[in-house]
Structure formats: structure tokens, C-alpha cells
Trainee: 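Before I ask anything, let me first share the structure, which is written out below as C-alpha cells.
In the text below, chain A, chain B and the rest are named by the order of the sequence lines, each starting its count at 1.
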There are 2 protein chains.
Amino acid sequence: MPPKPHTAPAEDPCACGLKAVARRLGIRERAKALRPGQILEAARDEFCQHGFAATRLEDIAKRAGISKALIYVYYPTKTDLFLAVARHVTDPIKGADFVLDPERSAEDQLRHEHERFYANLLQDEHTLGILRLIISESHRVPEIGQFYALELVGGEIESLRDLIRHGMARGEFAPDALERLTGIEDIVIAPGIMIMLTQIIGGGVQYDLSKWSKAHLDMVLGLLKAG
Amino acid sequence: MPPKPHTAPAEDPCACGLKAVARRLGIRERAKALRPGQILEAARDEFCQHGFAATRLEDIAKRAGISKALIYVYYPTKTDLFLAVARHVTDPIKGADFVLDPERSAEDQLRHEHERFYANLLQDEHTLGILRLIISESHRVPEIGQFYALELVGGEIESLRDLIRHGMARGEFAPDALERLTGIEDIVIAPGIMIMLTQIIGGGVQYDLSKWSKAHLDMVLGLLKAG
DNA sequence: ATCGTTTCATTGACCAATCAGTCAACGAAC
DNA sequence: GTTCGTTGACTGATTGGTCAATGAAACGAT
């Protein structure tokens, strides 16, 4: 009797990293447990490089070292796969939260976060590709745009506001820093966004990142300290 | 004898606006003279909305009110059409140069240009779509990225630098404004770039543009005037 | 351990739809 | 009658999505 096709599981979009769970399983289950992560990583790279429409499922499969048909066992359509990638990709960024240390000075923590941002920009090759993905496909998949506005930028703004309040309380920043300029929190992260955009677009002009980073930090501190 | 197909002209990417030339021509020539502009506009809208890969030539033709086959008389391939659109789209932006008036105060001209930028953001529905096009397709068509970096941003920077020098000479801005912060010219336009990006991505969060504009201007003037 | 049986993750081969690009023929303008 | 701008209908290639067949691993019995 020919085996009937199984109904695709398709849920459990991110079972990666749970290697401990697969430890005591047989070879087949172990391989299966790793598939979603494999597929998601390959799909992320392809989507980042080519965008949604120009990415071929066949290429994703090849990159993941499996067949195209196997993808459909885990993700019913290309769009579903794309959504799963969007979540997979943005989850770790969301996780990198900043937590305010009430003991340390505000300027110190600001400098530290600032450096972390620019260092990450240099070393993590995925960040820029992901941002391009967000920009290119956000109007096709509104969920992506929402994530960008609320989680990514919104979270950063929230942390920054806390930091500014902390600095004001400690007398490091001007006592009216927050009220003086409405929207200062957004304005202050703009150079970070812009340099990422510039890197994405390229255009042959190379910016000196360390110079840019310094100018950015000087601007922020200047605004916050100015009486 | 069946008429042999003409070799596609395909050059002359922008014959639009030359209605005077077509004035004394016959009906057929007049219609023909308008075709490239028609096609370019329709293609621009479709490409902006869907990106390169997801745009159908058939849809461009429908929007332009002609048949798909006619497009191929003017542009030999989809890629060629896309390149023509890229040039067509960026030409008028390049043209909107700022010229420094040595008589008027620097702050006055800065405020004026600042307002013009944000007003244009509100009224011109094309600007954002074009920026998305630039971001999405720049790594497919390097020419687009080069245009962004050199012409768009580069031109703006150049004007800004002149303006700052003017203000320094008149004693409006701090005498060391330009040297104090290396890269200040780039940093200063970042909020403008960021708000455009935010509008593109959407995400349901509505920014108050006038509030943003004010915060941006305050930041710039604060930096320039600060001793 | 070893053999036969069952399970099921995996895939090659296959549709059906889409779409860039082609071309012979049409018909309005000249 | 001739020109030529225009197009409907076509093709070939690509690709999202399907499915019956496979074969190795898991398993039970000996």
C-alpha cells in the first residue's frame, strides 16, 4: 500500500537551538528537529540578498542542502516561510535589550551603548541585509513595518528616555533636557539609522565609521548637556 | 510584403515635456513623441509600488494605456526600462538645487530650506516611493546607489557646508562650527532621512511631522550656534 | 545479533500558472 | 496605395506548488 502523504506540521516555526531536546532521539528525529532552523537560515540569506519576489525556493533548498519539496513539509507557502523568517530574524535583535544600571553614570552607559551599536554594525553582516529586507517588504507584509516601528525603534527610544531621565536626575544632563526638545529621543538615533541606510545603499562612497560615530556621540552629548 | 520590424530606438530616454517639438507634427508623430514619457511615468509608479521583480510589464502597459508589445519598441528589455526610470526619476530631484544668497542671513535661508524639505515630504507622493525604489534595488543596479550617495546626499551636504560657512562668516554660528564636529554636515541631515524612512516603512505609528521638523531644526541650530 | 516489517522523512519528477519577450498582421494617417 | 505605429496572439522559460515512490532508520520477534 502506498504511504499516504502526511499533513504538514507547519507550526513550531522556531525549533532551533533546542539541541538538548534532540539529544536522546534517534538519528531521524534529530535531523528533523534541525530542519526548521536550517531552512530559516538559508531562507533568510536568500531573501536578504534578493528580496521576496526574486528569491527562488529551489535556491533556498540548495543552500539548506535539502530538496525544495521538503520545505513545504514545514512551511505551506512561500509567504508563510517569509513571515517565519521575518520573526526569526528580528527575534534576536529584540532580545538585545538594554538595562539601566542605576549606579553607573548616564554618560558612561550612553557611551557604552553607543559603541556597542557601531561595533555590531561592523561585525554582524546580517543586520544590514535584514534592514533592507524590512524596508523593501514592509508594505507587502505590514507585520514587518509594525515590528520596525514598535519593537526596534520604539524599544530603543524607550531605553534612551530612561537613560536621559537618569542623567537628568544625577545632574549630568541639563535639567530640562527631555522637555526642551520635543522628540529629541527620535532625533538622537537618526544618525544611527542613516549610517545603516548609507551602508545598505552603498554607492561607492565609503564613510569613516569611527569618525561618524564620534560626531554622532558629540551631537548627542552636546544636546543633552547644553544648558 | 510584410513590414519588417523596426530596430528599437531605445535611446532618448526622456523626450517628455518637449510638446513644442511635436506641435507641428502629424497626429501619429505627436502620439509617438509622447510615448516614452507615458511609459516612463507608468513604469515609475509600478516599480515604486512593487519593486523590480514583482512588476509586470503588462501592468505598466495597462497603466500607460498601451499594449505591452509597444513598450518593447522603445525599451529592449525590462532592465533597460528600469534604468531609464531610475534616471527619469532622479533627474528632477537633482535639478532642485539650492543657491546661496550672500545677502540674506544664514539662519533665515536654513529655516527656509528646512521648511521646503518637509513641505515637499508632505505634498509629493512620489518622493517616498522613489526612495524605497532606491533602497530596494540599489544593490541590483549600482548606478542607483551611486546617484543616492553622490548626487542626492552629496549635493545636499555641499549646499549645507556653504550655508554653514556663510553663517560663520556673518557671526551667526560659532566660529568653529565646521571643525568642531567632523562630519557635522552628514549628522545634521540624518533626521530628514530617518523620517522619510519611517514614512516608507509605516508600521502604523504616525509621527507628528511638524513636531519632528521643529525638533530637527532646533537640533541643527543648537549645534551650529553653541559656543 | 539478525532478520523481516513498518514507519516516515525525503525526494525526483511532475503540473499549472505566470510572464518576459516575439512577430505577423492590422488599420489609421499620410 | 503606402507607411508605420500598434497590437493580439503566441512561445519558451521559469517557478510555486504537488505527490507517488523510495530507502534508511526504528522496531518487534526470534
Side-chain angles (χ1 to χ4, degrees), chain A residues 1-10 12 15 22 24-39 42-43 46-47 50-85 140, chain B residues 1-10 12 15 22 24-39 42-43 46-47 50-85 140:
Chain A
M1 185 197 315
K4 67 170 187 296
H6 11 241
T7 54
D12 185 41
R24 283 285 165 174
L25 299 174
I27 295 176
R28 300 184 76 188
E29 273 94 351
R30 205 178 316 172
K32 185 183 180 183
L34 295 179
R35 289 282 173 261
Q38 264 176 268
I39 296 172
E46 291 291 324
F47 279 135
H50 306 294
F52 179 82
T55 291
R56 289 184 289 264
L57 271 285
E58 194 72 51
D59 288 345
I60 295 177
K62 191 185 296 177
R63 185 184 282 254
I66 59 175
S67 76
K68 183 178 68 166
L70 190 53
I71 295 179
Y72 284 90
V73 173
Y74 297 91
Y75 305 97
T77 70
K78 188 184 183 184
T79 302
D80 284 295
L81 175 58
F82 181 74
L83 277 172
V85 166
R140 167 194 302 282
Chain B
M1 186 197 313
K4 68 169 186 296
H6 11 240
T7 54
D12 186 41
R24 282 285 166 175
L25 299 174
I27 294 178
R28 302 182 75 187
E29 274 95 350
R30 204 179 315 172
K32 185 183 180 183
L34 295 179
R35 290 282 173 260
Q38 264 176 269
I39 296 172
E46 291 292 323
F47 279 135
H50 306 294
F52 178 82
T55 291
R56 291 184 287 264
L57 271 284
E58 194 73 51
D59 288 345
I60 294 177
K62 191 186 294 177
R63 186 183 281 255
I66 59 175
S67 74
K68 185 178 67 166
L70 190 52
I71 295 179
Y72 284 89
V73 174
Y74 296 91
Y75 304 98
T77 70
K78 189 184 183 184
T79 302
D80 284 296
L81 174 58
F82 181 74
L83 277 172
V85 166
R140 167 193 303 280

Trainee: What is the per-nucleotide protein-contact pattern of nucleotides 16-21 of chain C, from the 5' end, where B denotes a base atom under 4.0 Å from a protein heavy atom, S denotes such proximity for sugar-phosphate atoms only, and - denotes neither?
Mentor: ---SBB
Trainee: Might you point out which heavy atoms bring A:E46 and A:T55 nearest each other, and give the distance in Å?
Mentor: O-OG1, 3.1 Å
Trainee: Round to a whole Å and report the spacing from CD1 of B:I71 to C1' of D:dG8.
Mentor: 15 Å
Trainee: Look up atom CZ in B:R63 and atom CD in B:Q38, then write down how far apart they are to the nearest 0.5 Å.
Mentor: 13.0 Å
Trainee: Please report the shortest heavy-atom distance between A:I66 and A:I71, naming the atom on each side.
Mentor: CD1-CG1, 4.2 Å
Trainee: Please report, rounded to the nearest Å, how far the P atom of D:dG17 is from the OH atom of A:Y74.
Mentor: 18 Å
Trainee: Are side-chain heavy atoms of A:T79 and A:Y75 found at a separation under 4.5 Å?
Mentor: no
Trainee: In whole angstrom, what separates A:I60's CD1 from D:dG16's P?
Mentor: 8 Å
Trainee: Work out which heavy atom in B:V85 is nearest to a heavy atom in B:A43; give both atom names and the distance.
Mentor: CG2-CB, 3.5 Å
Trainee: Which atom names give the shortest non-hydrogen contact between A:K68 and A:A61, and what distance separates them?
Mentor: N-CB, 3.5 Å
Trainee: What pattern of brackets, bars and dots sums up DNA chain D from 5' to 3', given Watson-Crick or G-U wobble pairs under 3.5 Å, [ ] for crossing pairs and | for another strand?
Mentor: ||||||||||||||||||||||||||||||
Trainee: I want to verify a distance call: between C:dT10, D:dT7, C:dG12, whose nearest atom is closest to the A:A69 side chain?
Mentor: C:dG12
Trainee: Please find the pair of heavy atoms, one from A:F47 and one from A:L81, that lie closest to each other, and give the distance.
Mentor: CE1-CG, 4.3 Å
Trainee: Please state whether the phosphate of D:dA25, meaning OP1 or OP2, lies under 4.0 angstrom from any side-chain nitrogen or oxygen of A:R30.
Mentor: no
Trainee: Rounded to the nearest Å, what distance is computed from the NZ atom of residue A:K32 to the P atom of nucleotide C:dT10?
Mentor: 8 Å
Trainee: Once you round it to whole Å, what is the distance between P of D:dG16 and CG of A:L81?
Mentor: 11 Å
Trainee: Can you check the B:Q38 CD to D:dG5 P distance for me, whole Å?
Mentor: 15 Å
Trainee: D:dG16 C1' sits how many Å from A:D59 CG, rounded?
Mentor: 13 Å
Trainee: To the nearest Å, how far apart are A:L70 CG and C:dG12 P?
Mentor: 11 Å
Trainee: Are B:L57 and B:Y72 packed together at the side-chain level, in the sense that at least one heavy-atom pair is separated by less than 4.5 angstrom?
Mentor: yes
Trainee: If I compare all heavy atoms of B:K78 with all of B:F52, which pair ends up nearest, and what's the gap?
Mentor: NZ-O, 2.9 Å
